[in-house]
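One structure is given below, encoded as structure tokens.
Numbers restart at 1 for each chain; the letters A, B, ... are given by sequence-line order, proteins then strands.
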Amino acid sequence: MSSFDLLPLPIKKIIYDLGWQQLTKIQAAAIENIIKTDFNYILCSKTASGKTEAVFLPILSKLERKTKGIKVLYISPLIALINDQFERLDRLCEYLDIKVTKWHGEASISQKKKLIVNPEGLLLITPESLESIFVNKPHLLLKLFSDLEFIVVDEIHNFLNSKRGVQLRSLIFRLQEKIGRKIRFFGLSATLGEYDNVKNFTGDYANTKVLLDKSQKEVDVKFKYFYSNNFDIPIDLITDLYSEISNKKSLVFPNSRAKVEEISIKLKRISSSENGLQNYFAHHSSVSKELRLFAEKYAKENYNKFFSIICTNTLELGIDIGSVDLICQVNSTFSVSSLAQRFGRSGRREDLKSHLLLYATNEWMLLQAIACFELYKESTIEPLEHINYPIDLVLHQTLSILKETNGISKENLVKRLTNNFAFKSIDITDINVLVDYLISKDYIEKVETELILGLKSERFFSKGDFFAVFETEKSFRVYHKEKFIGELQEVTEFMIGENFYLSAQIWKIKEIDFRLKKVLVIPAQEGKEPVFYSSLSNIQELIRKKMLSILFSSNEYDYLDENSLNELQSLRNYFSLFKFQNLETERPVAFIENRCHFYTFTSSKINLTLQLLAAILDIKTNLIEYKSCVIFGNNIKELQNIFKNFINVIENINKFFNEFIEKNPNYLNYLGKWENLLPNELKKKVWLNNYLDIDGTKEFLKNVKIINS
DNA sequence: GACCTGCTGCGGACTG
């Protein structure tokens with residue numbers, strides 16, 4: 001019997017009516033397995049392979065229709081994705097007379113109210129909105145969810161190694177705890193490199209299986225090289241880019257918001273000098289929502305027109321903008337997963353290839369880009385691990401539980417936290433330290449035998465920002481007349497009368513209101529790119545090791561242009577001076593102008609940890625992260641001996657780190673949103689467990705062998 | 001060399 005035959009008649013009819021010719025591989029596998037078994041499943045297959053239908057067709061087939069109540073909870077990381085999926089699912093469910101409801105910050109309040117009165121069907125929600133139900137409507141939890149049968153998490157890779165993921169796992173645990181049973185669980189993703197962590201997402205490893213379709217879209221790739229000595233975009237690159245995209249539908253991914261603005265303006269300038277179209281849009285988090293939607297709509301609706309959206313990873317996830325001919329990547333992505341997602345945006349119809357054009361502006365970016373692409377071709381994607389030590393989320397969920405229960409004994413509170421599979425890695429001692437600290441600081445009040453939310457904590461709930469566990473920077477809102485254009489972060493960089501780029505247009509500042517954080521602007525002719533805050537880079541070891549192996553191989557890559565080939569060759573020539581025998585353990589050290597350049601070819605976290613070890617021993621270092629190079633001062637002759645001292649420090653890291661923090665207390669000052677509220681004792685553990693890689697560095701130091709040229 | 005994500009409740013004005 002084929003998978004199709006397993007479906008009930010009304011569902012078969014839907015498939016006929018939609019005019020589908022056949023089920024995709026993942027759909028056939030999912031229908032068969034979901035219908036015939038009771039396991040949880042993770043569905044992993046390329047973009048546009050119909051994962052949504054793959055999971056929902058069998059779910060709708062199995063749905064218990066006799067009782068009331070919400071049956072399926074679908075959770076997505078993006079509002080835009082919920083809105084897209086709502087359209088698709090509502091169309092499917094209309095046939096079956098099943099209600100679908102959207103619940104997020106921008107969804108209709110009246111629809112939410114209707115659902116509360118009459119809970120039924122499918123609910124599409126964000127983790128933050130789910131949190132808000134626990135916090136503000138705990139009395140409705142049972143009414144809404146006591147008949148729940150399925151939970152579906154879309155783009156689940158987003159929730160694997162993030163704070164948001166810990167929050168979601170905690171909420172799923174609390175929901176199951178509340179209704180007193182486990183809910184069948186499904187996760188969807190196009191980019192997973194490792195499956196143990198995702199199988200453990202709801203703590204039910206043994207009953208969670210992976211359905212994997214490893215087939216990749218055919219890709220057509222070209223690398224070009226335009227040198228720049230400081231990461232600026234060379235004008236030749238822009239001219240070449242213009243000639244490549246002016247008669248196509250394209251997405252251009254530089255790696256920063258400032259570069260998005262720079263490239264957008266320059267493309268528009270070239271285009272207008274040639275009387276070309278002005279269909280160049282900037283799309284990133286600081287562009288106003290209205291302008292972003294305008295670009296998305298333009299791309300989706302103007303089927304026959306060319307356009308280019310220059311964007312950050314705002315357009316990386318599954319938002320539907322229709323089909324795109326070409327993806328341009330300016331310098332390397334920071335992960336293989338990101339590259340794979342971007343491939344997925346081009347040639348979305350089954351029969352079309354993905355086209356990618358990559359521009360590198362220095363030899364290290366070129367090497368990193370080759371490494372990412374080669375890993376992608378081998379179907380190797382970096383593993384995403386759960387966060388080691390999410391004690392800040394324990395704090396957040398403690399406040400949430402106190403609000404939900406309106407009073408709970410300490411014993412019960414600690415039990416709920418320690419039972420929660422999201423917090424498995426945290427010792428009960430630390431949870432007790434945290435709860436006692438919160439009581440001592442009046443975040444929690446003790447009333448007889450019960451704990452309740454302290455007055456001091458009420459302020460966290462006075463505005464909406466409790467629900468998101470991630471931080472957002474405060475910025476200035478930019479207006480032209482009454483129209484909101486976008487946001488500027490470093491307003492101090494600018495004075496009244498100065499010009500800057502934003503949302504692919506040039507503006508002159510007329511007025512700055514520092515109290516209301518508002519900037520009034522008028523259009524202008526010349527300007528410069530805006531400045532945005534940036535964060536720590538985080539490259540995984542896998543990519544760095546691949547870069548090293550490419551340097552020492554003689555493989556040829558036919559997608560490189562002549563300049564790229566020459567650059568790769570000169571980098572290979574330079575490193576051929578080092579006589580390697582074992583790429584796993586040996587690392588090159590070069591002495592340049594009396595300084596010692598140690599090429600670690602390892603993860604950003606290990607590089608950061610090495611720098612800390614040096615700082616503890618009062619040794620000055622410089623880290624050039626994009627080269628994975630730690631530079632030691634001129635007094636270093638015997639690096640191998642220094643590493644022995646490093647190992648000594650790392651074996652006693654707690655003691656040394658404590659002493660270091662006593663001398664450098666600022667080190668603990670600027671942590672994440674909820675980490676800032678922790679006692680110092682736990683903040684130190686956050687550093688050691690989450691920001692550094694102690695075990696990885698220990699391994700690295702024990703094995704590493706220095707090779708001189 | 002970095003990027004992204006989300007948001008309740010309530011009062012008051014206005015509409016049909």
message = Rounded to whole Å, please give me the gap between CG in A:N607 and C1' in B:dG1.
response = 14 Å
message = Measure NZ/A:K289 against P/B:dT5 and give the value in whole Å, please.
response = 9 Å
task = Report which part of the nucleic acid A:F467 touches: base, sugar-phosphate, or nothing (heavy-atom distance under 4.0 Å, all strands).
result = sugar-phosphate
inquiry  = Of the options B:dG6, B:dC7, B:dG1, whose atoms approach the side-chain atoms of A:E625 most closely?
reply    = B:dG1
message = Using a heavy-atom cut-off of 4.0 Å across all strands, would you classify A:G105 as base, sugar-phosphate, or nothing?
response = sugar-phosphate
query = For A:S535, which contact category applies under a 4.0 Å heavy-atom criterion: base, sugar-phosphate, or nothing?
reply = base
Rounded interatomic separation in angstrom, taking CG from A:L317 and C1' from B:dC4 = 8 Å
Minimum-distance nucleotide to A:R164 side chain [options: B:dC3, B:dT5, B:dT8] = B:dT5
ask   = Taking only side-chain nitrogens and oxygens of A:S332, does any of them come within less than 4.0 Å of OP1 or OP2 of B:dG1?
value = no
query = Relative to A:F201, does A:R169 satisfy both conditions: NZ or CZ under 6.0 angstrom from the six-membered ring centre, and within 45 degrees of the ring's axis?
reply = yes
message = Using the side-chain heavy atoms of A:T126, tell me which of these nucleotides is nearest: B:dC4, B:dC7, B:dG1.
response = B:dC7
ask   = Taking atom types as modelled and ignoring hydrogens, do the side chains of A:D154 and A:Q85 form a donor-acceptor contact shorter than 3.5 angstrom?
value = yes
request  = Assign A:K137 to base, sugar-phosphate, or nothing according to its heavy-atom contacts below 4.0 angstrom with the strands shown.
outcome  = sugar-phosphate
inquiry  = As a test of reading the structure: which of B:dT8, B:dC7, B:dT5 is closest to the side chain of A:N136, going by heavy atoms?
reply    = B:dT8
inquiry  = At 4.0 Å (heavy atoms only), tell me whether A:F159 reaches a base, stays on the sugar-phosphate, or touches nothing.
reply    = nothing
key: Whole-Å distance separating the CD atom of A:Q167 from the C1' atom of B:dC4   = 15 Å
message = Heavy atoms only, 4.0 Å cut-off, all strands: where does A:N255 land among base, sugar-phosphate and nothing?
response = sugar-phosphate
request  = Round to a whole Å and report the spacing from NZ of A:K673 to P of B:dG6.
outcome  = 13 Å
Minimum-distance nucleotide to A:S534 side chain [options: B:dC3, B:dT8, B:dC7] = B:dC3
request  = Give one of base, sugar-phosphate or nothing for A:R342, where a contact means two heavy atoms less than 4.0 Å apart.
outcome  = nothing
message = Need one value for A:I79: base, sugar-phosphate or nothing, where a base atom within 4.0 Å counts as base even if backbone is also close, heavy atoms only.
response = sugar-phosphate
d(NE2, A:H396; P, B:dC7) in whole Å = 13 Å
Whichever of A:S285 and A:G464 has its nearest DNA chain B nucleotide further upstream toward 5' = A:S285
query = What's the verdict on side chain to side chain donor-acceptor pair (under 3.5 Å) for A:E625 and A:S604, showing C-alpha distance, side-chain angles and the deciding distance?
reply = CA-CA 7 Å; A:E625 178 56 31; A:S604 304; 2.5 Å; yes
task = Have a look at A:T312 and say if it touches a base, only the backbone sugar-phosphate, or nothing, with a 4.0 Å heavy-atom cut-off.
result = sugar-phosphate
query = Counting any heavy atom closer than 4.0 Å, what does A:E131 reach on the DNA or RNA strands: base, sugar-phosphate only, or nothing?
reply = nothing
query = Which sits closer to the 5' end of DNA chain B, A:R257 or A:T472, going by the nucleotide each is nearest to?
reply = A:R257
task = Establish, for the pair A:K456 and A:Y443, whether the NZ or CZ atom is under 6.0 angstrom from the six-membered ring centre and no further than 45 degrees off its axis.
result = yes
message = Regarding A:N538, tell me which of base, sugar-phosphate or nothing describes its non-hydrogen contacts under 4.0 Å with the strands shown.
response = base
query = Would the A:W674 and A:F466 ring centres measure less than 6.0 Å apart?
reply = yes
ask   = Within 45° of the ring axis of A:F461 and under 6.0 Å from its six-membered ring centre, is that where the NZ or CZ of A:K403 lies?
value = yes
inquiry  = So A:F470, base contact, sugar-phosphate only, or nothing? Heavy-atom distance under 4.0 Å.
reply    = base
message = Of the options B:dT8, B:dC4, B:dA2, whose atoms approach the side-chain atoms of A:S132 most closely?
response = B:dT8
